Amino acid sequence: MNVRRRSSAAALAAIAVIGAATAPAVAADPSPSASPSTSAPSGLYGTTDPQYDGVWRQSLALLAQDTAGVVPSSTAVKWLTDQQCANGAFAPFRADPAAACDAKTPIDTNNTAAAVQALWAVGGHGDVVEKALGWLKSVQNKDGGWGYSPGTPSDANSTSVVIGALTATETNPEDVEKGGKSPYDALLTFALPCAKDKGAFAFQPDKDGKLLANADATAAGVLGALGKGLVTEAGAKSEAASCTDAGKPTRERAAANAAAYLTDTLAKDGHLVSALGGSADQPDYGNTADAVVALAAQGGADKAAEPLAWLEKNAAKWAGESGPAAYAQLIFAAHATGTDPRAFGGTDLVEKLNATGPAPQGVAAKDTASANADEKSDEKKDDDSPFGVWWFVGVCLVFGIGIGFLLSNRNKRQQP
């Protein structure tokens, strides 16, 4: 596959180069809980130890910034590209990117797939994306799917995030086969029947070989079955999702079944819950945000109205405490439902995200070509036009930035 990026990404990349000289290295007056510490690696978003989630939160934040029309800091993008190993894979964090990766480097599919989606979105790094895709294909399991680490059994979450990386880069997952099996073939093996488990997805078989319904895996499975990545638009409006058993469901049917499961699970409280270590059930903000994206993608924004409203009312404190990637997840939920991320329950998610790391290069205005049609009638009237670069440079450079979220949301626990 020849990696090419959108024309809009080309325009933003050009702005990034010009704006680098004027953007400060750190956003002004960031909040104490989210601002980078003096010991944080240069260019990395957030202050918590990046050992387990550095690349994941960096990727989500860059992707969220691009989604919100923000041109990320070149320093932040470079931090991410520098994390790549020579074979194309990414680990959660490499303290010394100059040191070669070896057999002890904990490379994995999730961080690699997230980095692919982020770097494709910001543009200008086709070689990095190409190498990462090549590595992902090289570690595909014989069932067509992926586990978290190379050689581990496939799971619904990992397979779905890799599907997102493939489709984001205009690669058809059906053409990426191993042993005659595609990623969709693997993903559908985790889809559970309606009669027993209401159409949910399982993460992977438990120690007894049983598949158990898992809300996080179900949200991921909806997006994977639809061929969607971490960022997606609302799908076509549909009737209330219902679960219908079939001998061998199509991936669209599996997505509808799973959406019905999420709707039913969310009906009680308007949000998902989690219980760790025998503690009482707690609101699961991250997985609820994932569910909003999944429901909107499968059946339109209206299907996600209730959990979205709950997030708008309750998620600001969680995001502030959890770090920059939490803001990114909320931005994805806002985007999928057509909600303004700058007025999300009274919180400007973009501003908060931008305050957690190096200042962005600028902000791209929407419909720039259309806004300048009177002066430049020969320009294309669409968001992807590269002709508005110099207009962007003149009026759109601002300060702020952000990124992050905890990879712990992509855990391997089984939950009913």
Side-chain angles (χ1 to χ4, degrees), residues 27 29-35 45-46 57 59-72 118 121 219 223 228-235 262 266 269-273 282-357 359-360 362-367 383 396 398-406 409:
D29 194 26
S31 65
S33 63
S35 63
Y45 299 106
R57 77 191 192 209
S59 299
L60 262 65
L62 290 175
L63 194 54
Q65 286 185 304
D66 178 78
T67 300
V70 174
V71 183
L223 294 181
K228 304 294 184 180
L230 295 169
V231 176
T232 183
E233 308 283 343
L262 289 175
L266 287 160
D269 302 307
H271 60 83
L272 298 177
V273 298
Q282 299 292 327
D284 193 327
Y285 299 88
N287 284 344
T288 299
D290 289 346
V292 166
V293 176
L295 289 173
Q298 193 279 325
D302 291 347
K303 301 300 180 292
E306 184 177 356
L308 176 69
W310 183 86
L311 286 172
E312 288 184 291
K313 183 179 180 180
N314 298 285
K317 182 179 179 181
W318 162 76
E321 294 174 347
S322 299
Y327 286 118
Q329 279 194 290
L330 295 179
I331 288 173
F332 298 157
H335 178 77
T337 55
T339 304
D340 185 358
R342 295 183 180 275
F344 193 84
T347 299
D348 186 337
L349 299 176
V350 181
E351 180 182 54
K352 293 292 186 180
L353 178 60
N354 289 348
T356 64
V363 176
K366 294 182 179 180
D367 299 317
D383 289 341
C396 293
V398 297
F399 301 119
I401 202 166
I403 197 160
F405 185 55
L406 299 178
N409 183 43

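Just so you know, these numbers come straight off a predicted model, no measurement behind them. Index from 1, following the sequence.
- In this structure, a donor-acceptor pair under 3.5 Å is present between the side chains of His335 and Glu233.
- Between Ala289 and Gln329, the shortest heavy-atom contact is CB-O, 4.1 Å.
- To the nearest 0.5 angstrom, Glu312 atom CD is 9.5 Å from Leu330 atom CG.
- Interatomic distance, CD of Gln65 versus CD1 of Ile331, reported as 8.0 Å (0.5 Å rounding).
- The shortest non-hydrogen separation linking Ala118 to Leu63 is CA-CD1, 4.1 Å.
- Looking at heavy atoms from C-beta onward, Glu306 lies out of side-chain contact with Leu266 at the 4.5 angstrom threshold.
- When all heavy atoms of Ala219 and Leu262 are compared, the pair lying nearest together is CA-CD1, 4.0 Å.
- Under a 3.5 Å cut-off, the side chain of Ser322 and the backbone N or O of Ala319 do not form any donor-acceptor pair.
- No side-chain heavy atom of Trp310 sits less than 4.5 Å from a side-chain heavy atom of Asp269.
- Distance alone, capped at 3.5 Å, is enough to place a donor-acceptor pair between the Thr288 side chain and the Leu272 backbone.
- You'll find the side chain of Leu60 reaches within 4.5 Å of the side chain of Phe332, heavy atoms only.
- Thr337 contributes atom OG1, which lies 11.0 Å from atom CG of Leu295 (distance to the nearest 0.5 angstrom).
- Residues Ala326 and Trp318 share a closest heavy-atom pair of CB-CH2, 3.5 Å.
- Annotation: side chain of Val231 is not in contact with side chain of Asp66 (no heavy-atom distance under 4.5 Å).
- The two residues Ala333 and Val292 have their closest heavy-atom pair at CB-CG1, 3.8 Å.
- In this structure the side chain of Leu308 reaches within 4.5 angstrom of the side chain of Phe344, judged on heavy atoms.
- Residues Ala304 and Ala296 share a closest heavy-atom pair of CB-N, 4.2 Å.
- Between Val293 and Lys228 there is no side-chain heavy-atom pair separated by less than 4.5 Å.
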